[in-house]
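Naming convention: chains lettered A, B, ... in sequence-line order (proteins, then strands); numbering from 1 in each chain. Note that the structure is predicted; figures quoted are calculated from it, not measured.
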Amino acid sequence: MDKIVENTETDLNEILRIRREKLEALKQEGRNPFDITRFDREYTAKEILDNFDSLQNKEVSLAGRIMAKRIMGKASFCHIQDGLDRIQLYVRIDELGEDTYSEFRKYDIGDIVGVTGFPFITRMGEKSIRVKSIVLLTKSLQVLPEKFHGLKDMDLRYRQRYVDLIVNPDVKSVFITRANIMKAIREFMHSLGYLEVETPVLHNQATNANARPFATYHNTLNIDMYLRIELELHLKRLIVGGLDKIFEIGKVFRNEGMDTRHNPEFTLMELYEAYADMYTMMERAEQIFCYIADNVSGTRKIDYQGQIINVEAPWRRLTMIEAVKEYSGVDFDSFTLDDAAARAAAKKHNVRIEKHWNWGMILNAFFEEYAEKNLIQPTFIYQYPIEISPLAKRNKEKPHLTERFEFFVLGNEMGNAFSELNDPVDQRERLIAQAKSKFGEYDFTIDDDFINALEVGMPPTGGMGLGLERMIMLFTNSTSIRDVMFFPTMKPESNG
RNA sequence: GGGACAUUAGCUCAGGCGGUAGAGCACUUGACUUUUAAUCAAGGUGUCCGGAGUUCGAGUCUCCGAUGUCUCACCA
């Protein structure tokens, strides 16, 4: 331990060494900035800039991080930045006195200061503060990235998000928008009378969904546990319990590959409404997107990478069979449930399939191969095949299809909804069928307590899951899921 | 998992055919009382991602590895 500290201290380059020496000198004089516990600031930079006329020439106090510094002999300018904005300081030796002014000259970019002074406008027309007093609140011992180019290295930006946030203003605005979206969603759900609930993250079984879970271990109970991959089964238990309109927003964890649209942990929102169905959920999806558009973006026509995405309701609705017919020319209605004909069509149209796949699975493969990428504007795809939809009610007229939809924006899945299956006998059979067709390296178990809940009785219910990062990507014009998460999953850096 | 590309000073980046490592910002010293990528003068700054190899000599060429970006595959 001591050795590590010693090494880092002796390896310091000149810049870092000088900053530590400056801090040491302050400590010697009994003026250690880290001893200061508070600074009473009356205004943020943004408040001063927004209310400049009424504050001009009145004394104000504010605080922030020094971002730029221009020393010109007996007067200097610098910019300080706080949570939302930055403002220029004008510092004169005849206002601070020689001692304080020479201290100020030693401040570094990155240091945090508290200031009192008077708002005024410079000769060049910039709203500024003429400083009356200034105090060093925090000494920065590291060097911030260059003022003009900022921090560009994506690796460093993700690993040191705190630096990214300081020097790249757009980053902060993405996360402010993210927070506003989360707030808007909750507002909207509350306005409809939904109750926000929380269910366990640690699960006993890796149930439901096709994703592989992260496994962990409980020492005292002496059992394996799994980080959740969905919220669904607990939320439906609450519907059984009589909480008729509920939603949860929480992290789920999927032990799979990573790319610009997948992070191992991500934020899932699920909502359930008793006495409602899939069509209610279509309405909810449209309402949620329009509410966010109105309250966060200010328009229902969202500019995403030069494309205009119109979230205005109603969205286009296509059955999966219609979508496949439109984008591949193959009509699955003309050979309903004929596995051999489906396989022949797959071969003819170069759709990769597994040997054991049947008509429904091949229909889904056609959809993913031909249709999905074309669904740029918000589009509902409904009537999913039953084999891949173990939690959705059957369609009454076509029992091989289900009352399930997903909706797509920019060619990406954004949400998944059902008229929830509440028949406990059918549910058990369908979960067993799914378990049998599964041949992974982990055991797929049936959640018997969930079946028991359905036996107690769940009302007809509509439910939906939304991947919130993908939605946030749309509203923040972001091309990678990592850009809308503060700390995306990263491999540890190699230590050589 | 496959492919392409990247990794050089704290940051952003140059480094032609293999010959002792470069710029700007930042930093230090000095000048400058309305500057704003301040300016002017002088100065210091390195595990060239790691390891091995070829060579008299490797930031540069070869191989192995690490991390990242993009992309394809897999995966709701």
Under 4.0 Å between a side-chain N/O of Lys147(A) and OP1 or OP2 of rA26(B), yes or no? yes
Send over the distance from Arg17(A) CZ to rC27(B) P, rounded to a whole Å. 15 Å
Which is true for Thr260(A) with a 4.0 Å heavy-atom rule: it touches a base, it touches only sugar-phosphate, or it touches nothing? sugar-phosphate
Regarding Lys373(A) and Glu368(A), does a basic nitrogen lie under 4.0 Å from an acidic carboxylate oxygen? no
Give a yes or no on whether a donor-acceptor pair under 3.5 Å exists between the nucleobase atoms of rU35(B), that is its base, and the side chain of Gln88(A). yes
Rounded distance in Å - CG (Leu156(A)) to C1' (rU8(B)): 14 Å
Which is more 5' along RNA chain B, the nucleotide nearest Glu369(A) or the one nearest Met124(A)? Just name the residue. Met124(A)
What's the CD-P distance between Glu146(A) and rA23(B), to the nearest Å? 15 Å
Specify the separation, in whole Å, of atom NZ of Lys69(A) and atom P of rU39(B). 15 Å
Please tell me which of the listed nucleotides, rU33(B), rU69(B), rC27(B), lies nearest to the side chain of Ile93(A)? rU33(B)
Phosphate oxygens OP1/OP2 of rU67(B): is one of them under 4.0 Å from a side-chain N or O of Lys491(A)? yes
Under 4.0 Å between a side-chain N/O of Lys22(A) and OP1 or OP2 of rU28(B), yes or no? yes
From CZ of Arg105(A) over to C1' of rU33(B), roughly how many Å is that when rounded to an integer? 12 Å
Take Tyr158(A) and Leu151(A), find for each the nucleotide of RNA chain B with the closest heavy atom, and name the residue whose nucleotide sits nearer the 5' end. Leu151(A)
Quick one: is Arg70(A) getting a side-chain N or O under 4.0 Å of the rA38(B) phosphate, OP1 or OP2? yes
Just to confirm, is there a sub-4.0 Å distance from OP1 or OP2 of rC70(B) to any side-chain nitrogen or oxygen of Arg482(A)? yes
Under 3.5 Å for both donor-acceptor distances, Watson-Crick or wobble: does rU62(B) have a partner, and if so which one? rA52(B)
For Ile71(A) and rU39(B), what is the distance between atoms CD1 and P respectively, to the nearest whole Å? 14 Å
Atom pair distance, as rounded to whole Å: CD1 in Ile15(A) and C1' in rG44(B): 10 Å
Are Arg31(A) and Glu103(A) close enough for a salt bridge, meaning some N to O gap below 4.0 Å? yes
Of the options Arg482(A), Lys172(A), Arg157(A), which is the one that meets Asp164(A) in a salt bridge (charged side-chain N to carboxylate O under 4.0 Å, His left out)? Arg157(A)
